[in-house]
Amino acid sequence: MSPTRDELHWMYRNMVTSRSFEEAIAKIYFEGKTPVFNMANGPIPGEMHLSDGQEPVAVGVCAHLNRTDVVTATHRPHHQAIAKGVDLDRMAAEIFGKSTGLSGGRGGHMHIFDPEVNFACSGIIGQGLGPAVGAALSRQMQDKPGVAVAFIGEGAVNQGAFHEAMNLAAVWKLPFICVIEDNSWGISVPKQSSTAIANNAERAAAYGIPGMRVEGNDPYAIYDAAGEAIARARAGEGPSLLEIETYRLAGHFMGDAEGYRPKGEKDALQEADPIPRMRTRLLTDGVASESELAAIESESLARVEAAIRFARDSEDPAPEDALTCVFAA
Amino acid sequence: MSPTRDELHWMYRNMVTSRSFEEAIAKIYFEGKTPVFNMANGPIPGEMHLSDGQEPVAVGVCAHLNRTDVVTATHRPHHQAIAKGVDLDRMAAEIFGKSTGLSGGRGGHMHIFDPEVNFACSGIIGQGLGPAVGAALSRQMQDKPGVAVAFIGEGAVNQGAFHEAMNLAAVWKLPFICVIEDNSWGISVPKQSSTAIANNAERAAAYGIPGMRVEGNDPYAIYDAAGEAIARARAGEGPSLLEIETYRLAGHFMGDAEGYRPKGEKDALQEADPIPRMRTRLLTDGVASESELAAIESESLARVEAAIRFARDSEDPAPEDALTCVFAA
Amino acid sequence: MSKTNERRLTIARAMAEAVQQEMQLDPSVFVMGEDIGALGGVYGNTRGLLDEFGPQRIRDTPISETAFIGAAVGAAQDGMRPVVELMFVDFFGVCFDAIYNLMAKNNYFSGGSFKVPMVLMTSTGGGYSDAGQHSQCVYGTFAHLPGMKVVAPSNAYDAKGLMTAAMRDDSPVVYMYHKGLQGMGWLGTEAGATVHVPEESYTLEIGKAKVVRPGKDVTIVSLGMGVHNALKAAMRLEEQGVSAEVVDLVSLVPLDRDTIRASVAKTGRLIVVDEDYMSYGVSGEIIASVTEHDISVLKAAPKRVAFPDVPIPFARVMEQYCLPNPDKIVEAWSRMQAA
Amino acid sequence: MSKTNERRLTIARAMAEAVQQEMQLDPSVFVMGEDIGALGGVYGNTRGLLDEFGPQRIRDTPISETAFIGAAVGAAQDGMRPVVELMFVDFFGVCFDAIYNLMAKNNYFSGGSFKVPMVLMTSTGGGYSDAGQHSQCVYGTFAHLPGMKVVAPSNAYDAKGLMTAAMRDDSPVVYMYHKGLQGMGWLGTEAGATVHVPEESYTLEIGKAKVVRPGKDVTIVSLGMGVHNALKAAMRLEEQGVSAEVVDLVSLVPLDRDTIRASVAKTGRLIVVDEDYMSYGVSGEIIASVTEHDISVLKAAPKRVAFPDVPIPFARVMEQYCLPNPDKIVEAWSRMQAA
Ligand SMILES: Cc1ncc(C[n+]2csc(CCOP(=O)(O)OP(=O)(O)O)c2C)c(N)n1
Ligand SMILES: Cc1ncc(C[n+]2csc(CCOP(=O)(O)OP(=O)(O)O)c2C)c(N)n1
Ligand SMILES: [Mg+2]
Ligand SMILES: [Mg+2]
């Protein structure tokens with residue numbers, strides 16, 4: 001299964017939008033946090049986990065999904081949210097903690113929830129898996145279309161929830177896909193010192209389901225592998241496990257000094273930035289012209305700028321609204 | 001590695017002791033619970049999980065262990081405790097809730113703790129794994145001899161703790177063995193409807209460690225497989241996973257009506273009772289004579305009777321001692 | 001004593017009936033948990049459902065509480081109404097993130113755009129020597145963390161009405177049933193729990209306490225099994241000429257502070273009876289709720305009869321020494337008089 | 001204001017120093033947790049230890065809290081003295097069984113024949129917009145369940161002494177440090193937490209509260225961050241001519257009820273300040289501990305300033321609206337007067 005021209009444009013557009021969005025967020029994040037960096041200050045307070053470099057995973061997978069499909073994401077959800085079609089204005093506003101945010105400012109960047117596109121998050125490692133399996137169960141029981149994808153990091157694979165969810169999805173043959181973003185780091189702990197085997201896709205055998213590893217942070221290869229897994233799920237053939245090699249270009253969170261990285265790793269990663277790589281390939285393959293790409297880039301930027309403006313211009317929530325939405329209305 | 005004559009005698013003795021012990025317990029359990037069965041009554045109140053039929057696992061594994069090795073067991077611990085050399089008098093007294101019990105009556109049958117032989121339990125599924133891994137870590141860090149074995153049921157394999165513990169033990173190459181007693185039932189739920197693959201030993205590959213399945217509830221084969229895994233661990237070569245087919249001759253707990261069992265299963269299991277089978281083989285192989293076996297049997301029975309007598313004759317704890325031992329003395 | 005037309009059910013049967021009737025009405029309701037199918041639930045509360053609804057809607061699960069409770073959250077967010085069982089509340093530690101960080105919070109995290117209409121039912125309580133990992137109540141633990149409604153019936157009538165209400169609630173509800181009230185064949189049952197239950201479906205409002213015995217000298221507040229201890233103590237106190245009012249909390253979250261305060265305002269005295277551990281739990285909260293509101297109504301320092309802060313011992317003499325009982329409640333009254 | 005010979009340390013450094021000194025003395029002490037090696041702990045409390053002690057004794061773990069906290073229990077039972085970190089207390093739900101059913105209970109289950117000398121250290125608290133899964137205190141949750149000592153320092157002096165005491169204790173100790181007191185570069189720190197810390201090793205007795213400010217009109221009881229809010233409120237009250245006594249609980253289990261009761265007996269008024277959720281938690285327990293003992297000493301109904309029963313919101317205005325602060329404490333005093 002190869003991506004069509006339109007799909008490739010869509011993928012590139014979403015990668016660029018995600019990158020532009022995070023670049024904008026990163027800049028704003030430091031506002032009010034100088035001269036002494038204090039996470040609590042500025043228009044975007046709290047922790048901030050960027051996904052720069054990991055965009056290929058999101059677009060390669062989400063190219064096969066539609067609004068009714070379910071995605072659960074993690075503490076690092078922006079690229080996935082954008083590729084899944086989460087409302088960018090309201091997501092930006094949520095990250096700013098504004099009343100117009102997806103959750104009226106209650107959730108923040110680790111809790112992006114958009115019912116329109118069935119997107120949810122948990123900031124607890126591995127805990128998006130259960131809900132994704134449950135959504136897949138709901139579709140199977142109701143004979144409703146749709147698959148559920150849980151994105152997790154390679155560090156999350158060593159969490160018990162992974163094992164339980166994979167087994168449950170396999171036993172019940174659910175339309176579920178677990179996508180591992182293997183950026184080789186769990187904060188400061190490298191994969192090889194936390195995970196007993198090199199290739200988590202091999203863990204699929206423990207559940208009698210297909211597992212595939214995709215190397216190279218390559219949107220084309222990811223598209224292929226994800227397409228197969230998702231088609232299987234849609235056909236009622238049960239769950240799959242994908243491990244996708246990717247790179248985290250930035251720190252684990254903003255403010256991370258990254259002293260744990262081996263010397264030279266950062267530079268090497270910058271060289272491998274998947275966005276310019278895809279750009280080059282689109283041109284080489286004759287799938288997009290320079291002017292088409294420039295248009296995508298400027299449109300994406302404009303889209304991001306509009307979203308940021310929307311967020312900035314929105315009102316803070318009423319403080320006492322903190323007390324609402326504890327229970328269903 | 002084949003068991004020696006002495007080892008075979010030891011194995012048979014422990015199987016018979018365990019069976020006799022549980023037969024005694026089973027009889028006493030119903031005292032005071034008639035005419036209306038009420039778990040809360042009688043000299044042995046509370047839940048009671050018997051291991052009849054599963055003795056081969058305990059003896060096949062523990063034949064390779066000595067007092068300094070560590071075992072963690074489950075809600076169904078008697079056979080393992082006996083094979084590990086837990087003090088039978090004080091274990092019986094604990095099961096009766098007496099002051100002379102291993103824990104002065106605080107623990108009961110699901111919480112058998114004997115520091116003399118490094119034996120501990122948890123009644124929560126899968127939760128003996130972490131402590132066994134930790135004991136193995138302690139031995140490795142201190143360069144002290146000893147391996148740690150966690151016994152779990154096949155149902156427990158689907159608990160997240162299993163996955164986390166296996167990975168941790170493998171990453172740290174600890175002297176740890178996970179022994180799965182596959183009696184094919186988790187209370188009323190059959191293995192095939194709870195576990196995505198038929199052979200849990202295959203899950204070892206998810207941790208890059210050896211896995212082996214032993215069929216037939218056969219003490220000889222179990223001895224062999226366990227011997228290999230434990231030798232590996234002692235040699236510093238890291239953990240192993242063993243899945244051992246076994247049978248639960250009785251209900252999950254006493255009082256279980258076992259309505260979930262397919263027709264005929266119980267009878268078939270009684271036919272496959274491993275104790276008479278081993279007895280026959282010992283005779284056929286000329287490893288023990290009828291009189292030797294009779295002596296083992298009567299000695300075992302006498303040992304059990306003495307333990308039960310000790311338990312019966314012991315005093316109840318002082319009620320207010322319930323308030324002691326919360327913290328270390 | 002039983003009247004004609006009375007339909008006395010155990011709590012187990014009342015729970016199963018509520019689920020059965022709701023499943024007949026609402027195709028989105030289904031049940032998941034360990035041994036809830038062929039076995040009908042270790043505590044009998046799903047008995048008969050597998051035969052009627054089949055294994056799609058009555059699902060035995062692997063021993064994977066994190067996965068299947070997490071899955072219930074996901075299914076609830078996707079339009080289903082799962083009823084999910086945690087066999088013993090004591091097992092909450094293997095799956096509590098799914099409960100208090102997902103089930104409890106996703107409505108809030110999403111600003112209300114994701115609803116999580118699910119019921120987590122779980123057995124509580126001891127008294128039958130099941131030791132420290134199978135006898136706890138941990139009411140306080142569940143009630144402390146925001147986002148979950150928490151109910152605990154003391155009798156079959158309430159059990160049915162609460163279960164139906166819980167299944168219809170758009171918020172997650174934790175339904176804590178006490179093993180000693182359940183009416184299982186193999187476990188003694190407090191007789192007062194088995195009462196008349198109407199056949200037709202009905203709901204009990206979640207968040208309302210009940211004055212189950214009026215009185216004027218002292219208010220005894222409790223829940224679940226404790227209500228029966230309180231009622232027995234009240235009868236004993238009556239023999240001493242003391243008129244005790246008994247309040248059954250029914251619901252811990254929302255907590256009906258008004259009913260408690262009104263009762264204590266009337267009686268001037270408060271005893272809280274709780275089978276959960278004493279410190280940092282229900283008993284403290286009830287006393288604080290009264291005293292922070294108005295101390296002038298109190299004629300004596302409030303007292304609590306709760307499980308001491310020790311793991312639950314196995315040996316019967318030890319466990320019974322720790323458990324609340326009518327004697328201890330009567331004795332609390334005496335201490336109150338002595339002070 | 002700083003005196004000569006003063007050695008002002010942050011809590012992070014005080015904790016690391018305590019561990020360092022104990023590791024030098026006792027080869028059985030080691031540290032396990034996520035990012036406690038090369039990173040030195042997300043909250044800095046193991047900084048420098050990897051260099052000195054190497055990766056055998058300073059062990060980064062996989063993200064497998066159930067396994068490594070369970071492993072700490074097993075290692076503690078086998079003669080080691082693990083110090084294990086749960087990065088944020090909010091994550092307790094993925095591993096709580098290892099904590100409250102093993103670590104907390106194995107001493108009891110074994111009748112004292114197995115000791116579990118381990119320290120579980122974990123960060124608490126919000127105030128910096130980290131939202132509902134990274135800002136909780138859940139003090140009440142840990143303190144409610146028997147078998148664990150629970151401490152929470154408010155300053156670096158106590159932090160060091162408590163850590164050393166915890167490592168030497170033969171019982172399991174939960175050590176809850178507040179992120180806002182920690183002195184991390186990237187997070188604002190309450191200045192009052194960074195105080196003089198003697199270089200040599202010393203212990204603080206676990207289970208003793210401290211009167212950190214004497215007063216006579218009202219007792220303000222708190223812990224961790226709340227102590228600083230209480231002290232600030234006390235200064236403001238002083239301007240109004242009100243003399244507030246501030247009690248720092250230091251330890252939740254054992255709870256030093258005597259010190260609290262003695263203080264309230266003197267002042268006649270009680271305000272409890274707690275960053276944990278209000279209901280069924282610390283604030284209720286403190287109030288109940290005082291009122292069940294003797295209500296005659298109280299001149300007014302006790303008050304609490306605690307986090308409302310809602311998940312912790314992300315948006316700064318909302319979170320700050322919910323958090324305890326000096327204003328709210330002063331206002332609680334006013335309400336007390338008005339009543
Ligand atoms: C249960 C749990 N443990 C620990 C954490 C803290 N934590 C947040 S992100 C992270 C690393 C995650 O690594 P990985 O899964 O590889 O995702 P990545 O950050 O690389 O995208 C950790 C340990 C958490 N949020 N939840
Ligand atoms: C975490 C947890 N979930 C559920 C239970 C209840 N329970 C006790 S034994 C059991 C079945 C265990 O099956 P298996 O592991 O195969 O062991 P077996 O009983 O067959 O020896 C269950 C579900 C428990 N004790 N702990
Ligand atoms: Mg990673
Ligand atoms: Mg089994």
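Each chain gets a letter, A, B and so on, in the order the sequences are listed, and its residues count up from 1. Excluded from the calculations below are hydrogen atoms, water molecules and symmetry mates; all remaining heavy atoms, backbone and side chain alike, are included.
Interatomic distance, C:Ser28 OG to A:Gln142 CD, rounded to the nearest 0.5 Å: 7.5 Å. C:Phe109 CZ to A:Ser122 OG: the interatomic distance, rounded to the nearest 0.5 Å, is 7.5 Å. Rounded to the nearest 0.5 Å, atoms OH (C:Tyr108) and CG (A:Leu323) are 7.0 Å apart. Within the model, atoms CD1 of A:Ile124 and OH of C:Tyr100 stand 6.0 Å from one another, a figure rounded to the nearest 0.5 Å. Rounded to the nearest 0.5 Å, atoms CZ (C:Arg81) and OG (A:Ser138) are 12.5 Å apart.
For C:Val173, no part lies near chain A; criterion is any non-hydrogen pair under 4.5 Å. Interface remark: A:Asp114 contributes backbone atoms only to the contact with chain C (heavy atom separation under 4.5 Å). Contact annotation for C:Lys149: both backbone and side-chain heavy atoms come within less than 4.5 Å of a heavy atom of chain A. In this structure, no portion of A:Ala132 lies under 4.5 Å from any heavy atom of chain C. For A:Phe176, no part sits under 4.5 Å from any heavy atom of chain C, backbone or side chain. For chain A, the nearby part of C:Phe30 is the side chain; its heavy atoms alone come within less than 4.5 Å. Both the backbone and the side chain of A:Ala322 come within contact range of chain C, each with at least one heavy atom under 4.5 Å from a heavy atom of that chain. Heavy atoms of C:Met103 lying under 4.5 Å from chain A are absent altogether. The contact between C:Asn107 and chain A is made by backbone and side chain atoms together, counting heavy-atom distances below 4.5 Å.
A:Gln127 is listed as a side-chain neighbour of C:Thr66, based on a closest heavy-atom distance under 4.5 Å. Between C:Met80 and A:Leu137, every side-chain heavy-atom pair lies at or beyond the 4.5 Å cut-off.
Note: C:Asn106 leads C:Asn106, C:Asp170, C:Ile69, C:Val94 in heavy-atom pairs under 4.5 Å with chain A. The greatest number of non-hydrogen atom pairs below 4.5 Å with chain C, out of A:Gly146, A:Pro131, A:Gly105, is found for A:Pro131. Listed options A:His163, A:Arg106, A:Glu94 were ranked by heavy-atom pairs under 4.5 angstrom with chain C; first place goes to A:Arg106. Annotation: maximal heavy-atom pairing with chain C below 4.5 Å, among A:Gly107, A:Pro115, A:Ala135, occurs at A:Pro115. Chain A forms more heavy-atom pairs under 4.5 Å with one residue of C:Gly112, C:Ser110, C:Ala104, C:Pro27 than with any other, namely C:Ser110. Of all the listed residues (A:Thr72, A:Leu168, A:Val133), the one sharing the greatest number of non-hydrogen pairs under 4.5 Å with chain C is A:Leu168. Here C:Leu102 is the residue among C:Val73, C:Leu102, C:Thr61, C:Ile63 with the most heavy-atom pairs under 4.5 Å with chain A.
In terms of heavy-atom proximity, C:Gly111 sits nearest to A:Ser103 at N-CB, 3.5 Å. Nearest heavy-atom pair, A:Glu164 versus C:Glu65, reported as atom, atom and distance to 0.1 Å: OE1-N, 3.5 Å. When every heavy atom of C:Ala67 is checked against every heavy atom of A:Ala165, the shortest pair comes out as CB-N, 3.7 Å. Closest heavy-atom contact between C:Val253 and A:Phe327: CG1-CZ, 4.0 Å.
Sequence neighbours left out, the pairs with a member in residues 138-149 of chain A that pass salt bridge (Lys or Arg N to Asp or Glu O under 4.0 Å) are A:Arg139-C:Asp78.
Ring geometry for C:Phe114 versus A:Phe113: interplanar angle over 60°, hence perpendicular rather than tilted (30 to 60°).
Within residues 116-123 of chain C, no residue has any heavy atom under 4.5 Å from a heavy atom of chain A.
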